[in-house]
Number of protein chains: 2
Amino acid sequence: MDARGQQGRRPRADVQRNRVALLEAAQRHFLTYGVGTSLEAVAKEAGVGPGTLYRHFPTREALLAAVLQTRSEELVARQEEIARLGDADKALEQWLRALEEYFSAFSGLPEPLMAAARAQDPDNPLTLPCDTVITATEEYVRAAQRTGYVRESVKGYDLFLAAISVAWLKGAGAAEEESLDRVRALVAAGYRKRNTEA
Amino acid sequence: MDARGQQGRRPRADVQRNRVALLEAAQRHFLTYGVGTSLEAVAKEAGVGPGTLYRHFPTREALLAAVLQTRSEELVARQEEIARLGDADKALEQWLRALEEYFSAFSGLPEPLMAAARAQDPDNPLTLPCDTVITATEEYVRAAQRTGYVRESVKGYDLFLAAISVAWLKGAGAAEEESLDRVRALVAAGYRKRNTEA
DNA sequence: GATAAAACGGAGGCTACCTCCGCAGTGGTT
DNA sequence: AACCACTGCGGAGGTAGCCTCCGTTTTATC
């Protein structure tokens, strides 16, 4: 009598319950210990056995991608906000900043993202979000090039690489915010046409 | 009767023999599998037990630092070569390139180097080489600033970070040489005063 | 309730880390 | 050359994390 599409029985209640518990536990652990955290510990904290974790999320990347979903949505929301700016240069700058925050969501995140970006393996659940942000970056770059702010030789992928590098630096913990700001300025000075002397 | 310093018996021959075998095996494995390779496998290939490996090199970082010693010497040799250039701008550029190669010696090397650079733990055997190259970078930057090539706001540490980031990108394998070249150009355009339009 | 399908969970096999200590190899001495 | 003392060897073993397989439990439906 229920309105689900075609056939098959209604999905079991415990599946959804466990999935949510796993995602919450995973987020906590990724935040605290980075993406390399023990998956067994995640399962234990979610109150399920390791088998259940691996059935829901067959690889670490799958779990990561699922946890990252929320952040991806935040990123889309930011895009709308950025679109309201009008100024293509400011938009690109803000977008890169948003990207960087996204990549720094958990310590160690840049690594698997890079692996996904490179391998183009359609089975890797991180490939999709990766490609999405690269494409978006290319558009911001094109827009800023049309209005003459950005060098013609710069490609969107380059700035994706720059953003993920800065995120890596941040996650490697090796630099205080002050150093990071100077690196960001370095990148900005690198892609802009105008030369703000200093 | 032999000319060793003060007292104690002569060091045993097997110690040196094992040390060399370990270093060779470690270098091979680091080259092939990256810095995360199995240390037990290294010991086995060197023909010694795990205990011997850990006695010689109590941590992975210690082994890494010892293997890196050769490369550090190469880097010093390069410095002399660079000094002969005369041009401070070219010198800085070449130094950054040499740094990047040094950091890319093994896949995954940037991670422990960053950790050492940040923690300033005197017990970490990677801290010393790290500090050395940072100091050297600062000098190259100062020289290039004196001759007016480089922005005053740039710090040596920033360019160290930039170089290690590019090495990370290379090791993460995510970028072909073409993309890396564009990122390098981005960094160069970022730290230079002169604006080479494009 | 009864039934069948779906999901659970933990035991178990695997690999790697690192330590500890009985034993073997080595340098010095006679 | 034979002995001694000691330094260094190496592997067994405890720990932890990965991932799978399958007997058991939970669930939706009738």
Side-chain angles (χ1 to χ4, degrees), chain A residues 1-26 28-30 32-64 66 108 111-112 115 123-125, chain B residues 1-26 28-30 32-64 66 108 111-112 115 123-125:
Chain A
M1 223 46 70
D2 46 79
R4 80 202 112 90
Q6 300 299 56
Q7 83 285 359
R9 45 171 31 177
R10 189 206 301 171
R12 286 172 54 153
D14 47 356
V15 171
Q16 179 65 5
R17 191 161 24 92
N18 285 332
R19 185 186 160 86
V20 169
L22 279 167
L23 286 175
E24 283 175 355
R28 267 196 302 277
H29 278 246
F30 285 151
T32 312
Y33 308 107
V35 301
T37 190
S38 158
L39 295 187
E40 297 212 325
V42 170
K44 184 175 288 184
E45 178 156 325
V48 305
T52 300
L53 187 152
Y54 285 102
R55 193 168 336 95
H56 280 263
F57 307 102
T59 64
R60 186 180 295 270
E61 283 71 34
L63 180 56
L64 201 46
E111 228 95 4
D123 289 348
N124 186 329
Chain B
M1 221 44 73
D2 46 75
R4 81 203 112 90
Q6 301 298 58
Q7 83 286 6
R9 43 173 30 176
R10 190 204 301 169
R12 287 172 54 156
D14 47 356
V15 171
Q16 180 66 4
R17 191 158 28 88
N18 285 334
R19 185 187 160 85
V20 169
L22 279 167
L23 286 175
E24 283 175 357
R28 268 195 302 278
H29 277 246
F30 285 151
T32 313
Y33 308 107
V35 300
T37 190
S38 157
L39 296 187
E40 298 210 325
V42 170
K44 183 175 288 183
E45 179 156 323
V48 305
T52 300
L53 187 151
Y54 285 103
R55 193 167 336 95
H56 280 264
F57 307 102
T59 63
R60 185 181 295 270
E61 283 72 33
L63 179 57
L64 201 45
E111 227 94 5
D123 289 348
N124 187 330

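So you know, we letter chains A, B, ... as the sequences are listed, proteins then strands, and number each from 1. Side chains included, hydrogens not; waters and symmetry mates left out as well; all remaining heavy atoms used.
As rounded to whole Å, 12 Å separates atom P of D/dT20 from atom CG of A/Leu53. If you measure from atom CG of A/Asn18 to atom P of C/dA6, you get 17 Å, rounded to the nearest angstrom. Rounding to whole angstrom units, CZ of residue A/Arg10 and P of C/dA7 are separated by 14 Å. Between B/Arg19 atom CZ and D/dG10 atom P there is a gap of 16 Å when expressed in whole angstrom units. Atom NE2 in A/His29 sits roughly 11 Å away from atom P in D/dG17 (whole-Å rounding). Between B/Lys44 atom NZ and D/dG10 atom C1' there is a gap of 13 Å when expressed in whole angstrom units.
OP1 or OP2 of C/dA7 has not a single side-chain nitrogen or oxygen of A/His56 nearer than 4.0 Å.
Note: B/Leu22 CG to B/Tyr54 OH = 11.5 Å, rounded to the nearest 0.5 Å. B/Arg19 contributes atom CZ, which lies 13.5 Å from atom CZ of B/Arg55 (distance to the nearest 0.5 angstrom). The structure places CG of B/Leu64 at 9.5 Å from CG of B/Asn124, a figure rounded to the nearest 0.5 Å.
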Using a cut-off of 4.0 Å between protein heavy atoms and nucleotide atoms, how would you tag nucleotides 15-26 of chain C 5' to 3' with B, S and -? -SBBBB----BS
Mind running side-chain contact (heavy atoms from CB on, under 4.5 Å) on A/Val35 and A/Arg60 for me, showing each step along the way? CA-CA 8 Å; A/Val35 301; A/Arg60 186 180 295 270; 5.6 Å; no
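Applying the salt bridge (charged side-chain N to carboxylate O under 4.0 Å, His left out) criterion to B/Arg17, with sequence neighbours excluded, gives no partner residue. Considering only residues two or more places apart in sequence or on other chains, A/Glu45 meets the salt bridge (charged side-chain N to carboxylate O under 4.0 Å, His left out) condition with A/Arg28.
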